[in-house]
J.: 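Mind looking over this structure? Questions follow.
Here is how names work: the chains are called A, B, and so on, in the same order as the sequence lines, proteins then strands, and each is numbered from 1. Being a predicted model, the structure only gives us computed values, none of them experimental.
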Amino acid sequence: MLTNTTLNPAQQQAVEHIGSPLLVLAGAGSGKTRVITHKIAHLIYRHRIAGHHIAAITFTNKAAREMKQRIGRMLKGDRAGGLTVCTFHSLGLLLLRSESHRLGYRPGFSIFDTQDSETLLRELSHQDSQQDLDLAELRQRISHWKNGLQSPEQVLADAKDEQQLLQAHFYAHYQRQLQAYNALDFDDLIVQPVRLFEQHPQVREHWQNRLRHLLVDEYQDTNASQYTLLKQLAGLNNGLTAVGDDDQSIYAWRGARPENISLLSKDFPNLKVIKLEQNYRSTNRILQSANHLISNNTHLFTKQLWSGQGLGDQLRVMPCKGPEHEARRIAGDILKMRFRLGDEYRNYAILYRGNHQSRPLEQALREYRIPYKVSGGTSFFESAEIKDIIAYLRLLANPEDDPAFLRIINTPRRGIGASTLEKLGLHANQRHSNLFTAARELGFLNQLPENARRRMEWFTDWLQGKKQQCTQTDPNLLVHDLVADIHYREWLLESCNNRKTAQKRIDNVNELLAWITRLASDQDPADGIDQLLSQLSLMDIIERNSSDQSADAVQLMTLHAAKGLEFSQVWVAGMEEGLLPHHSHLDTGQLEEERRLAYVGITRAKRQLTLSYAVQRSRYGESVDCEPSRFIKEIPKQHVTWEDGKSDPASPEARQAGKAHLSNLRALLND
DNA sequence: ACGCCGCGTATTTTT
DNA sequence: TACGCGGCGT
């Protein structure tokens, strides 16, 4: 990163360009976020454009948060007012919240996450008595159709065989059911605004006029529907700035279309293209290696990254006997290097292709007493206790959310059982109403035995009371009251026979409540539970781990997760044929994406880079012999030192480093 | 409501 | 080989 506030000529040009759409091809470490933030400041200060006419769009909440911080530091106070900095999905939500009525959604609509979608599909498949259905695959197929802006009708018409017809049928059914629940899935947050703009040109014009300047980060990651939405919003305003790097496109497998980069010059003939090739991150040896590697891919635009930082150390290639040996060598290496360079652990990273590779690494790091942090894994929002609380809120905001109703009706236990619910389902079906409404109707209640009726009435009355409370109390207080009312923590303690898991769950609930308090404190108190819920649904708080960023620890993560980050010292583990490139991605198009993955890994390193591989690794139970990755051979020889394959991690030097490390630990303990 | 067993599967992951 | 999930049995 640049330390002063000047921009290089290409950056300057990108910041000052105005009057036609702009594509900034920003190589790794070339300061793309810097261009976006400076351009926003430029638009506001130089061109006197009001903040509410500008939107910066990112893919992840994390990126949005970082950008907000950086813009906040640049703009003084009120100048940032009205500025939109958010993810694609939040932008979609913003559009939908103000225009939902035009699409047949009612306020308070629910947002289904991937799990909710899959559960819904499971139910539909049971209703259809279709047992042998790959639900995850079906869900992905539907998501793919949606992102390609194909309606169920189109897909039904285009179905080529029995299988496709069946899937199309489920797609149609799924979409109808979502509508009935007044719910949207993640894909809908993009697709429905696109539909809205197609059907209502005047609404589209309104938003074109509102968001005159769009700045898109990581543009190579856009999928078809996101691109369409961008085109619709950009209109003829000439206010589009797309910043991206085709060499860092590593998400084609989930629908990203890097060809959107070349599409841009077709759709906008007056497109201006600017390349950023000066890198502020790495040594030239690292950059030349990366350049050479990626030159094996086909390119529409070629870039040559260079840096003013000197040649730097050679890259090292470390052959290992197996994953465990590899892990120990890396751990020993880290100790040695830390002894030599005295850098903090947080500047060291170990990157790998698949999450399963973290295990031997973690073990070795523990053995060597090296603090580490693994990023990735299961998310907070997937845990049952969080989904429970959110389901309560969803139902309060949206009485038509039957899945939420079913989730919480008997959680915690209220003695409302299967037979009662069956009657309720039947009644709701007859009346074409949602479960919550049906549950309060006398026609239904009269069918129930005395006990069941009492319980049901007690519950729905309580819920109705809460609903009224929504309009009066602030959402923060409401949620805290709610959790206390249902004795949720107490129930967790009772229902988990393991004290530890119960405590963990209670901690999660407390953490959620703390976040809600925080979210509520910096939002307009007039915004009700809807607003709170949509923030939670879009997982704005996933990065809760950022609180323990203070911990000085070696970073372990997948290559995918490392995009956008940088570290002084980087190890890329498992540089083998079959792993990177992955054995299932060996044909041309996919191989290029694997190469980009290696490219992303290499370009994360600022100073030292080590590539390791194992000559033997067990795959699916049996041990296979491995060759070093072809990508290693694609790096110029003069930049690479091959280490001795047999070297012992417990070498004298490593022992010495280990001793020093231990005495440091002792010194810390004595403090 | 929970636990165990057997089967199938085995990159990457955000919203 | 290992893990996760679904189904079945207690």
J.: According to ring-ring contact (aromatic ring centres under 6.0 Å, His included), who are the partners of A:Y105, at least two apart in sequence or on a separate chain?
T.: none
J.: More 5' along DNA chain B: A:R413 or A:T60, using each one's nearest nucleotide?
T.: A:R413
J.: So, using side-chain contact (heavy atoms from CB on, under 4.5 Å) as the criterion, who are the partners of A:A26 when residues are at least two apart?
T.: A:V24, A:S30, A:K32, A:V243, A:L276
J.: Among residues at least two apart in sequence or on other chains, which ones pass side-chain contact (heavy atoms from CB on, under 4.5 Å) with A:A452?
T.: A:T420, A:L448, A:P449
J.: Under 4.0 angstrom, heavy atoms only, what part of the nucleic acid is A:R122 near: base, sugar-phosphate, or nothing?
T.: sugar-phosphate
J.: Write down the distance between CD1 (A:I190) and C1' (B:dT14), rounded to a whole number of angstrom.
T.: 11 Å
J.: Whole angstroms only, please: what is the CD-P distance between A:Q226 and B:dT14?
T.: 14 Å
J.: Using a cut-off of 4.0 Å on non-hydrogen atoms, how would the nucleic acid contact of A:R596 be classed: base, sugar-phosphate, or nothing?
T.: nothing
J.: If you take any heavy atom closer than 4.0 Å to DNA chain B, which residues from residues 110-121 of chain A end up in contact?
T.: A:T114
J.: Specify the separation, in whole Å, of atom CG of A:N61 and atom C1' of B:dT14.
T.: 9 Å
J.: In B/S/- notation, 5' to 3', how is nucleotides 7-13 of chain B contacted by protein heavy atoms closer than 4.0 Å?
T.: ---BBBB
J.: Take the protein atom CZ of A:R359 and the nucleotide atom C1' of C:dC3, then report the distance between them rounded to whole Å.
T.: 8 Å
J.: Suppose we screen for salt bridge (charged side-chain N to carboxylate O under 4.0 Å, His left out). Which residues come up paired with A:E198, at least two apart in sequence or across chains?
T.: none
J.: Could you tell me which residues satisfy side-chain hydrogen bond (donor to acceptor under 3.5 Å, both in side chains) with A:R141, sequence neighbours excluded, listed by chain and number?
T.: A:E137, A:Q167
J.: How long is the straight-line distance from OG of A:S537 back to CG of A:D113, given to the nearest 0.5 Å?
T.: 8.0 Å
J.: Applying side-chain contact (heavy atoms from CB on, under 4.5 Å), name anything that partners A:A404, two or more places apart in sequence or on another chain.
T.: A:A391, A:R394, A:L395, A:D401
J.: According to the salt bridge (Lys or Arg N to Asp or Glu O under 4.0 Å) rule, which pairs have a member within residues 89-98 of chain A, sequence neighbours left out?
T.: none
J.: Whole Å only: how far is the CD atom of A:Q616 from the P atom of C:dT1?
T.: 15 Å
J.: Rounded to whole Å, please give me the gap between CZ in A:F186 and C1' in B:dT15.
T.: 5 Å
